[in-house]
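Order of the sequence lines sets the chain letters (A, B, ...), proteins ahead of strands, with each chain counted from 1. The figures here come from the full heavy-atom set of this structure, side chains too, leaving out hydrogens, waters and symmetry mates.
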Protein chains: 2
Amino acid sequence: VTPSPLVAALRDAAGEPHVLVDADVRAPYEIDWTRRWSGSAAAVVRPRTAGEVSAVLRACAEHGAAVIPQGGNTGLVGASVPRSQEPRPQVVLSAARMTTIGEIDRATLQMRAEAGVTLGALQAAARSAGLDAAVDFAARDSATVGGIAACDAGGIRAVRHGTARMRVAGLEAVMADGSVVCRMSGLLKDNAGYDLPALLVGSEGTLGVITSVLWQLVPRRDARALALVPVGSVSDAVALLVAVRQHLPSLDACELMTDEGLALVLEHIGTTSPVRRAAAYVLVECAARADPLEALAAALDAAGVTDAAIADDTAGRERLWQLRERHTEAIGAAGIPHKLDVGVPLDRLAAFCDAVQAALTDGARPILFGHLGDGNLHVNVLGHDAAEESIDELVLRLAAQHGGTISAEHGVGVAKARWLHLSRTREEIAVMRAIKSALDPECVLNPGALLQPRT
Amino acid sequence: VTPSPLVAALRDAAGEPHVLVDADVRAPYEIDWTRRWSGSAAAVVRPRTAGEVSAVLRACAEHGAAVIPQGGNTGLVGASVPRSQEPRPQVVLSAARMTTIGEIDRATLQMRAEAGVTLGALQAAARSAGLDAAVDFAARDSATVGGIAACDAGGIRAVRHGTARMRVAGLEAVMADGSVVCRMSGLLKDNAGYDLPALLVGSEGTLGVITSVLWQLVPRRDARALALVPVGSVSDAVALLVAVRQHLPSLDACELMTDEGLALVLEHIGTTSPVRRAAAYVLVECAARADPLEALAAALDAAGVTDAAIADDTAGRERLWQLRERHTEAIGAAGIPHKLDVGVPLDRLAAFCDAVQAALTDGARPILFGHLGDGNLHVNVLGHDAAEESIDELVLRLAAQHGGTISAEHGVGVAKARWLHLSRTREEIAVMRAIKSALDPECVLNPGALLQPRT
């Protein structure tokens, strides 16, 4: 079979073995983790270097193809797989072969990682050098550095270390026209010109394809202590966070669960609660060089907490953490949830939770949990009495009405592009569109993600 | 006298008393702090609100005027005053009346400050609430929040707290067409769309006029200890930084001086050195809740330092700090220096210093000092045997050749726009120009700053 001119050009760009065209080989690249989003690719190309990525993007531009950048394909908003409605041929640009991790610079604690390095590999490299990658979330063994930066991913430890943006000490990316942007000197202070890396972080592959990141590591703090605290309400949970935070510089995670979610998890794993049942629960974890147990206990004591379960040994911490970490699994066993990722300022978080509970009456059952320290809640809705889109829109509207965002850490993607106006003004979206048009006039990169196609 | 149509429109936008047209009233807004840059303004306008700024920008666009945004007019690169070569009428847009500081949110430690709030006022507001603004530099009583964010200013404490970018938890700005961009919810996680604040920070007033910042404060750590350490070379200074940093999480500042600079200061203030004379000196300051003296002493001991001067009382610290802080004054007393602000990666910093010393032979005398922790050096050159521009270019080229940046914390401005290509590739500058053209097609905002006018 003679390859199409597009496939021939991709083979020239990345080498024949790295252009996948057989349907069964392409298949895993064409459907996302949620199984909600899929589309057909003319080819999947797996370049090795930024230079090859540049050649791939030039080939796609020349042959009128759209490019779908893909890291670990763990995104939850449909932006990592081909669009079902795109009229042009689509090429999945996979980072799977860009997996080199560089040496650690001991003076700056920075480490170069190519886009396809998984978070787990990054964490392992940091750990083996006595350091810490400072970002963590459940998809760690599949999610890759490029996707993490492109989405400004967050996770459990952002309350201390910030989101992925804070880890990006340098970045290399290829723009739609194949030109390469590279700022990898690692200088903390470098204000020579617009901070293009800062714009690319969080742009979800719509402005450029990230090929390498200079990752800012932090010193390791291995001594950990964890408390599970029952509280009377989400409002009490927020008050507890505010009270302990100021006394705990070692605060490393602060997570929220409600009793609905805990009940599902307890039933799912067949155990009983280690603390009295209450409306909500807060997990407070500290990490320090020396055991932070005493500081944690003192902070809880000062906040009037008398009935927490506390652990500073690994087994005890894991027993408590699984009550939070197995939410997704327990919810999945109870039904097929709608999953939404929103952020709401702390002073309105309780009101938002109440509003969600009040609004979902027709058999829909919300399970709320997430990263209390960041006001970042994962709203999972079980039950099938409402059409999916109407539930999504309802929850996102409530988040916006409470001063929050429709996307905290998952990104906008294809799933939420139509609702971007809930969090951003018409004028702000016009600025975003102007930037997109200037840098990718033919909309080659990730069409339909983040910004809706113009109609 | 009938006002010009431009002045009449500005009066409509901001109110007649706030449009300054008399030459003597305009004068201080028309010349910069260095006295090196000046130009004539058709008017100086001092709006009070973002809405008024928007009206001013629309008026300027309509009447074909360029806009020069001005905060405290403490910039060192000529970007805060009218251009001498600009053919259009120029309007200085001063933030002088936008001086409101909001309440501190105790849950997030964030505080809203309008663009015209001085760093000193911001620091005082933070201090009176038991908190810390986490940025400091010498121009604190004039430099304003808007300019600090627009230039991504750095200063002495960036080694611990990062540059101004890290303080910007939210931002409001007015774009060239008068549209307002506002992201002030203060959410740590909010990846709904491109991070326009991140692009505006460091854009030097060329993409938008910053009108408010939500400033991220940090807890106060009042116990301080300071050491002045003589070292044999810049190379030894870097080694000392790397050695102490890993043992001192409380490290708050790490400054470098050379013996040439110290000699000038000692002579200028008429005192003797508190430590033995050496080729270079490092100031190491720690800040913590409890007195960090012991930790500092132990870290120095572990690094093999035996002859440091150490102080943990206010008077003693001030005596040591003045040796660094009075450099500018002492150098100014010795002549009219060329001042350059560069950043070089730590592993090449010593080689860069040697190269500067070797290159400046014809009566030019370089004094190097600055923020060792960030690789950020202020190169001051005394002596008049070389033409100013050739010295500037020589030093900037050496910084670039050593993998560094031509601007660490002062910005590019008008002064260094012609040399931006030394730090950024042609392709990167093309991306910057595309963004500028998309957001400010008539180049109304700060023309000639950061990007050279197209010829």
Side-chain angles (χ1 to χ4, degrees), chain A residues 106-108 151-152 154 158-159 162-163 175 179-182 185-196 198-199 201-203 219 238 242 246 249 343 345-347 371 374-376 403-409 411-412 420 423-425 427-432 434-435 437-439 450, chain B residues 106-108 151-152 154 158-159 162-163 175 179-182 185-196 198-199 201-203 219 238 242 246 249 343 345-347 371 374-376 403-409 411-412 420 423-425 427-432 434-435 437-439 450:
Chain A
R106 285 283 166 183
T108 59
C151 297
D152 190 15
V159 66
T163 62
M175 310 303 284
S179 66
V180 177
V181 163
C182 185
S185 67
L187 288 167
L188 174 64
K189 291 176 176 169
D190 180 358
N191 62 4
Y194 304 152
D195 193 341
L196 302 179
L199 176 63
V201 171
S203 67
V238 171
V242 173
Q246 60 180 318
L346 289 177
D347 57 358
H371 314 301
D374 321 314
N376 176 197
T405 177
I406 63 159
S407 176
E409 59 178 13
V412 174
L420 184 58
S423 280
R424 300 289 167 248
T425 64
E427 292 176 320
E428 287 161 348
I429 294 172
V431 173
M432 294 181 202
I435 293 170
S437 296
L439 302 187
L450 202 152
Chain B
R106 286 282 166 184
T108 59
C151 297
D152 190 14
V159 66
T163 63
M175 310 302 284
S179 67
V180 177
V181 163
C182 184
S185 66
L187 288 167
L188 173 65
K189 290 177 177 168
D190 180 359
N191 62 4
Y194 303 152
D195 194 339
L196 301 179
L199 176 63
V201 171
S203 67
V238 171
V242 172
Q246 60 181 317
L346 288 178
D347 57 359
H371 315 301
D374 321 315
N376 176 196
T405 177
I406 64 160
S407 176
E409 59 178 12
V412 175
L420 184 58
S423 280
R424 301 289 168 246
T425 63
E427 292 177 320
E428 287 161 349
I429 293 173
V431 173
M432 293 180 202
I435 293 171
S437 296
L439 302 187
L450 201 152

Taking it one step at a time, do A:Leu196 and B:Ile435 satisfy side chain to side chain contact (heavy atoms under 4.5 Å, CB included)?
CA-CA 10 Å; A:Leu196 302 179; B:Ile435 293 171; 3.8 Å; yes

Start with the C-alpha distance between A:Asp347 and B:Arg106, add both sets of side-chain angles, then the distance that settles salt bridge (charged side-chain N to carboxylate O under 4.0 Å, His left out), and finish with yes or no.
CA-CA 10 Å; A:Asp347 57 358; B:Arg106 286 282 166 184; over 6 Å; no

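Contact count versus chain A (heavy atoms, under 4.5 Å) is highest, among B:Ala434, B:Ala107, B:Ala438, for B:Ala107. Most heavy-atom pairs under 4.5 Å with chain A, from the set B:Thr163, B:Val412, B:Val180: that is B:Val180. Interface check for chain A: of the options B:Gly403, B:Gly202, B:Gly193, the most heavy-atom pairs under 4.5 Å are formed by B:Gly193. Per-residue heavy-atom pair counts under 4.5 Å with chain A were compared for B:Leu199, B:Val242, B:Asp190, and the maximum is reached by B:Asp190. Heavy-atom pairs under 4.5 Å with chain A were tallied for B:Leu439, B:Ile429, B:Asp152; the largest tally goes to B:Leu439. Of the residues considered (B:Val159, B:Leu187, B:Val201), B:Leu187 shows the highest number of contacts with chain A, using heavy-atom pairs under 4.5 Å. Of the residues considered (A:Gly411, A:Gly375, A:Ser423, A:Pro219), A:Gly411 shows the highest number of contacts with chain B, using heavy-atom pairs under 4.5 Å.
Rounded to the nearest 0.5 Å, atoms CE (B:Met175) and CD (A:Glu427) are 10.5 Å apart.
In this structure, the portions of B:Met432 lying under 4.5 Å from any heavy atom of chain A include both its backbone and its side chain. For chain B, the nearby parts of A:Ser185 are the backbone and the side chain; heavy atoms of each come within less than 4.5 Å. In this structure, the portions of B:Pro345 lying under 4.5 Å from any heavy atom of chain A include both its backbone and its side chain. Both the backbone and the side chain of B:Ser203 come within contact range of chain A, each with at least one heavy atom under 4.5 Å from a heavy atom of that chain. With a 4.5 angstrom heavy-atom cutoff, B:Asp374 touches chain A via backbone and side-chain atoms both.
Considering all non-hydrogen atoms of both residues, A:Ala192 and B:Ile406 come closest at CB-CG1, 4.2 Å. Between A:Ala158 and B:Lys189, the closest heavy-atom pair is CB-CE, 3.5 Å.
Side-chain N or O atoms of A:Asn191 include one that pairs as donor or acceptor with a backbone N or O of B:Cys151 at under 3.5 Å. In this structure a side-chain-to-backbone donor-acceptor pair under 3.5 Å is missing from A:Thr405 to A:Ala408.
Side-chain contact between B:Val431 and A:Tyr194: absent, with no pair of heavy atoms (C-beta onward) separated by less than 4.5 Å.
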